[in-house]
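Quick caveat, the model's predicted, so the values are computed rather than measured.
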Amino acid sequence: PQKDKRFNGQTKLKHIPKPQMKICVFGDQMHLDEARENKIPCMSADDLKKLNRDKKLVKKLAKKYDAFIASDVLIKQIPRLLGPGLNKAGKFPTMCTHSEKLTDKCDEIRATIKFQMKKVLCL
């Protein structure tokens with residue numbers, strides 16, 4: 001059978017529909033300090049190396065949090081450190097630069113909803 005064509009996207013809402021969403025930060029030292037100040041859970045590159053691509057541990061991490069933010073420096077290394085686990089779970093981290101505030105980025109992620117629809121030809 002032919003796989004039905006789908007299109008997916010995401011849109012940012014004005015209000016935050018998911019205030020309880022758990023977000024984890026993968027960051028360099030500056031982002032880790034900022035995350036600790038704002039009581040956001042965070043992991044350094046060394047913490048990610050400790051998982052050493054163990055599928056079960058990566059899956060557990062993906063289950064524990066709703067979304068991830070990664071420093072621009074670290075984002076290129078994530079597939080190398082964690083393997084395809086986060087991508088399969090649909091939770092690949094959003095990039096954050098040093099000029100952006102982590103709290104603003106968290107609120108932006110909480111206000112963003114993802115959707116997926118089938119392409120139906122009969123209108």
Side-chain angles (χ1 to χ4, degrees):
Q2 187 183 353
K3 189 174 176 275
D4 49 291
K5 291 182 176 69
R6 291 169 182 249
F7 65 92
N8 44 0
Q10 55 189 32
T11 182
K12 189 175 177 292
L13 304 174
K14 282 191 281 267
H15 67 291
I16 296 174
K18 300 177 276 189
Q20 299 301 315
M21 194 179 199
K22 289 197 290 276
I23 296 173
C24 181
V25 177
F26 303 146
D28 51 9
Q29 202 50 53
M30 191 187 126
H31 279 136
L32 292 177
D33 295 338
E34 192 181 336
R36 286 190 189 107
E37 270 175 41
N38 297 309
K39 294 182 176 65
I40 302 168
C42 55
M43 295 177 91
S44 67
D46 297 332
D47 297 334
L48 297 177
K49 279 180 190 139
K50 282 178 196 158
L51 299 175
N52 70 41
R53 292 182 71 118
D54 187 333
K55 279 184 189 162
K56 280 185 181 166
L57 291 174
V58 173
K59 217 173 188 178
K60 206 174 183 182
L61 178 73
K63 220 174 194 165
K64 194 175 173 187
Y65 297 103
D66 299 313
F68 297 96
I69 297 175
S71 301
D72 47 358
V73 189
L74 207 64
I75 202 142
K76 294 178 194 82
Q77 299 173 339
I78 284 169
R80 257 204 323 261
L81 295 170
L82 298 178
L86 286 181
N87 236 347
K88 280 183 186 163
K91 296 180 180 179
F92 194 77
T94 311
M95 191 173 79
C96 186
T97 57
H98 286 284
S99 55
E100 295 172 302
K101 275 191 171 170
L102 277 180
T103 46
D104 296 345
K105 200 73 177 171
C106 284
D107 288 342
E108 188 183 311
I109 288 173
R110 286 188 179 110
T112 302
I113 55 165
K114 293 177 183 169
F115 57 88
Q116 187 176 49
M117 297 172 89
K118 288 181 182 174
K119 284 186 180 167
V120 184
L121 291 170
C122 51
L123 290 169

Using atom types as modelled, flag every donor-acceptor pair under 3.5 Å from a side chain in residues 25-32 to any protein atom, sequence neighbours excluded.
unit_1 : atom_1 : unit_2 : atom_2 : d
Asp28  : OD1    : His31  : N      : 3.4
Asp28  : OD1    : His31  : ND1    : 3.3
Asp28  : OD1    : Ser71  : OG     : 3.3
Asp28  : OD2    : His98  : NE2    : 2.9
Gln29  : NE2    : Asp33  : OD1    : 3.1
His31  : ND1    : Ser71  : OG     : 2.6
His31  : NE2    : Thr97  : O      : 3.3

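- Heavy atoms only, all atoms of each residue included: Cys24 and Met43 are closest at SG-CG, 4.1 Å.
- Rounding to the nearest 0.5 Å places CG of Asn38 at 7.0 Å from CG of Leu102.
- The shortest distance between side-chain heavy atoms of Leu48 and Leu74 falls below 4.5 Å.
- Residue pairs meeting the ring-ring contact (aromatic ring centres under 6.0 Å, His included) criterion with at least one member in residues 33-65, sequence neighbours excluded, are Tyr65-Phe68.
- Residues passing the side-chain contact (heavy atoms from CB on, under 4.5 Å) test with Asp46, sequence neighbours excluded: Ser44, Lys49.
- Listed by first then second residue, pairs satisfying salt bridge (Lys or Arg N to Asp or Glu O under 4.0 Å) with a partner in residues 94-105 read Glu100-Lys105, not counting sequence neighbours.
- Annotation for Arg110 and Pro17: closest pair O-CD, 3.4 Å, computed over non-hydrogen atoms.
- Sorted by first and then second residue, the salt bridge (Lys or Arg N to Asp or Glu O under 4.0 Å) pairs with a member in residues 57-74 form an empty list; sequence neighbours excluded.
- Residue Met21 is grouped with residue Ile69 when hydrophobic side chains (ILVMFWY) are merged at heavy-atom distances under 4.5 angstrom, including chains of intermediate members.
- Under the side-chain contact (heavy atoms from CB on, under 4.5 Å) criterion, Gln20 pairs with no residue, sequence neighbours left out.
- Closest of all the heavy-atom pairs between Ile40 and Ile23 is CG2-O, 3.7 Å.
- There is a path of hydrophobic side-chain contacts, each under 4.5 Å, that joins Leu82 to Met95.
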